[in-house]
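From a predicted model like this one, the values you see are computed outputs, not experimental measurements. Residue numbers start from 1 in every chain, and the chains themselves are labelled A, B, ... in the order their sequence lines are given, proteins ahead of strands.
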Number of protein chains: 2
Amino acid sequence: MKQEARTATGAPATLWDRTRQLASREILDTALRLFSEQGYDETTVAQIAREAGVSQRTLFRYFHGKEDLLGGDQDRFRQVLTATIGEQPDDAGVWEVLRAGVAAVLALHESREQALERFRLMHTTASLRAGWLEKRLRFQEDLLPLVQARMGGSGGTAAVRARAVIGTSFACLDAASMTWVAGGGEGEIIDLYDECVAAVRG
Amino acid sequence: MKQEARTATGAPATLWDRTRQLASREILDTALRLFSEQGYDETTVAQIAREAGVSQRTLFRYFHGKEDLLGGDQDRFRQVLTATIGEQPDDAGVWEVLRAGVAAVLALHESREQALERFRLMHTTASLRAGWLEKRLRFQEDLLPLVQARMGGSGGTAAVRARAVIGTSFACLDAASMTWVAGGGEGEIIDLYDECVAAVRG
DNA sequence: GACCGCTTGGCAGCGACTGCCAAGTCGCCC
DNA sequence: GGGCGACTTGGCAGTCGCTGCCAAGCGGTC
């Protein structure tokens, strides 16, 4: 499996790439549909593969695991997050920087409905939630040097404090999205996030 | 499998209970030893069962899953946490209350070495970390009503803010324990925790 | 000593996931 | 356009965590 090549227009170059992209979408859509209809744990990978028209073996070549079938590409997630935070102005505070990162990540969802469904599944399925939290923690470690550089302060304890601030930011995102889902998708997640940060720092 | 009965002195009543307790310890010790020696993912449940002298089937009757073999009984965890937080004076602030809960949970470890080894395994093994984070999130939901009652404030948004504060507290515990492990177990976790909270609220 | 209840172990089976191998398809170059 | 090489696909077998089921064994009690 090769890295996907694209032309300057963003359209896939070869037939292979086009089929690959099509298959990927088909699998992703099928998975989200089945998860919504019958629940995550009640849906087997074999069923998704069957209904998407690929073999189970191929499905596992496209995605690293069942969890990846929801939420899609976490690499893109990571890229957007680190890029956004990296390109913030130097004089911006840590909290502003992290807020920008959160906003950028939230903007990745294609539609409000899709975002709601994904968050709903995530917060109601223990195994999914665990997986998400784990990935999240890896993002935190990625962000550590970036944030640490902005915090300055005394050397020895800089890492702890940076970790704490990043962890808090994500915890606020969790609290916000959870509440957003509980409220049926009313309002904006980022507003809830702001309220969370205010409550913590208040 | 029945609930374990104990006499007034705390000693197990029947022979069955005593053997059960012995088997439980044997399994737990074997698991921790093997995890330390060869890693969590590299250790199979079958191996633990074999070396502990029980069948695999019995092991799964004692513990709900492989994850429970590290960190032991999360019910006790939950009990201590909610009890400690519940019995804090009414005029104590949310942050003090949560700090007391964290301290009580940290005090549950039998020894410094055991705590260090557990945290080390937890923070270096992705699957374990995921499981821990998931349990943690369930604790957060348990604590939600207790904390929310203490925060008061305007009704509509009380839940979000309570979730954010609890999440932040746990995030600080994570940051503290991670840094503690990275430092080889130097100093006290609770001090690092305090520094984290200060950094966030500062 | 006999009966009842709880525990134990083995077996079969499911679901996620991986390595391996053979067959098929695409792209490119002669 | 044919053929070669690169890449993808599917199937099979196997591992590991985990569960349900059933028969056998042991502890406690009358």
Practice task
Output all residues satisfying salt bridge (Lys or Arg N to Asp or Glu O under 4.0 Å) with B/R201, sequence neighbours left out; order by chain, then residue number.
Solution key: none

Practice task
List for me each residue that meets salt bridge (Lys or Arg N to Asp or Glu O under 4.0 Å) alongside B/E51, sequence neighbours excluded, and say none if there are none.
Solution key: B/R33

Exercise for the section: Please determine if a side-chain N or O atom of A/Y62 lies less than 4.0 Å away from the OP1 or OP2 oxygen of D/dT9. Expected result: yes

Handout entry: Under the side chain to side chain donor-acceptor pair (under 3.5 Å) test, residues paired with B/T179 that sit two or more places apart
Key = none

Exercise for the section: Between protein and nucleotides 16-24 of chain C, map the contacts as a letter string: B base, S sugar-phosphate only, - none, heavy atoms under 4.0 Å, written 5' to 3'. Expected result: SBBBB----

Problem - Whole-Å gap separating P (D/dG17) and CD1 (B/I27) - result: 15 Å

Problem - Results of side chain to side chain donor-acceptor pair (under 3.5 Å) for A/D29 - residues two or more places apart only - result: none

Problem - Residue list, side chain to side chain donor-acceptor pair (under 3.5 Å) with B/E188, at least two apart or on another chain - result: B/R112

Problem - Parallel, tilted or perpendicular, as decided by the 30° and 60° cut-offs, for the rings of A/W180 and A/F119 - result: perpendicular

Practice task
Could you check how far CZ of A/R20 sits from C1' of D/dT8, rounded to whole Å?
Solution key: 9 Å

Exercise for the section: Grab the CG-C1' distance between B/L69 and D/dG17 for me, whole Å please. Expected result: 11 Å

Practice task
Let me know the distance between CD1 of B/I48 and P of D/dC18, rounded to the nearest Å.
Solution key: 10 Å

Practice task
Measure the distance from CZ on A/R18 to C1' on C/dT25 and round it to the nearest whole Å.
Solution key: 14 Å

Exercise for the section: Calculate the interatomic distance between A/L22 atom CG and C/dT25 atom C1'; express it in whole Å. Expected result: 16 Å

